[in-house]
Amino acid sequence: MNIAGFYDESISNGLGWRFVLFVSGCPHHCKGCHNPEAQDFSYGKPYDKNLYLARIQENSILRGVTFTGGEPLCPQNVEGVLDFLYEVKKIKPNFDFWCYTGYTYEELIARNDPKTNEFLNQIDVLIDGRFVEELKDPELYFRGSSNQRIIDMKKTNELKKIVLLDLD
Ligand code: SF4
């Protein structure tokens, strides 16, 4: 897995201050993609877990990690993001985890892949769906176009139906 970059701290990729990991590689090729260079699987640098963990460890204002890209949940990247999630949980057990994906939740479930399902069981919030330029709206919180959903994964996993995150 290659990493296109990271933010040590951001408040625009989920609730609260968050470490943000931009994973390289994306098969969706959305028109108007905000990060086209990260569509290339060879873009950026090799995944360097110890570097990111050290940055997280030394930053006391963080409350979680956000995975974005690129496409964190394409088959080539799932194992890597799952590994990083577990590594962060070891040093920051109270962190929450958000993930952006161009797949819909339904597409991810239909994949029927144990690693994907495990990741979906571990995260707190999934922001799903491709970016649709015609539905772009700068007023939206934490998403680029109105087709995308901010899914509360803890409730969704518990109730076995999609529950959107209550941002009020
Ligand atoms: S899913 Fe995201 S990274 Fe991939 S092409 Fe669409 S906007 Fe770009």
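Not measured: the values here are computed from a predicted model. In each ligand, atom 1 is the first atom listed, and ligand 1 is the first ligand listed. Residues: numbered from 1 along the sequence shown.
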Which of N2, N77, D83 passes side chain to side chain donor-acceptor pair (under 3.5 Å) with Y47? Answer is D83

Can you see whether S10 engages R18 through a side-chain donor-acceptor pair at a distance of less than 3.5 angstrom?
no

Taking only non-hydrogen atoms of A38, do any sit less than 4.0 angstrom from ligand 1?
no

Using a 4.0 Å cut-off to any heavy atom of F131, which atoms of ligand 1 qualify?
7 (S)

Would C30 count as a contact for atom 6 (Fe) of ligand 1, in the sense that one of its N, O or S atoms lies under 2.8 Å from it?
yes

Could you check F19 against F95 for ring pair (Phe, Tyr, Trp, His ring centres under 6.0 Å), going step by step and ending with a plain yes or no?
CA-CA 10 Å; F19 183 89; F95 264 27; 9.1 Å; no

With a cut-off of 4.0 Å, which atoms of ligand 1 are near a heavy atom of Q39?
5 (S)

So is R130 close enough to ligand 1, meaning a heavy atom under 4.0 angstrom away?
no

Between Y86 and E118, a side-chain donor and acceptor under 3.5 Å:
yes

Contact atoms of ligand 1, heavy-atom distance to H34 under 4.0 Å:
2 (Fe), 7 (S)

We want to know whether E71 and T101 form a side-chain donor-acceptor pair, criterion being a heavy-atom distance below 3.5 angstrom.
yes

Minimum-distance protein heavy atom relative to atom 3 (S) of ligand 1:
G70 N, 3.4 Å

Is the shortest side-chain N to carboxylate O distance from E87 to K90 below 4.0 Å?
yes

Of all the atoms in C33, is at least one N, O or S atom closer to atom 8 (Fe) of ligand 1 than 2.8 Å?
yes

Is E106 salt-bridged to R149, cutoff N-O under 4.0 Å?
yes

Contact with ligand 1 for E71, non-hydrogen, under 4.0 angstrom:
no

Which of the atoms in ligand 1, numbered in the order shown and given with their element, are less than 4.0 Å from a heavy-atom of H28?
1 (S)

Check ligand 1 against C26 and write out every atom of the ligand that is under 4.0 Å from a heavy-atom position of the residue.
1 (S), 3 (S), 4 (Fe), 5 (S)

Any E158 side-chain heavy atom under 4.5 Å of V163 side chain:
no

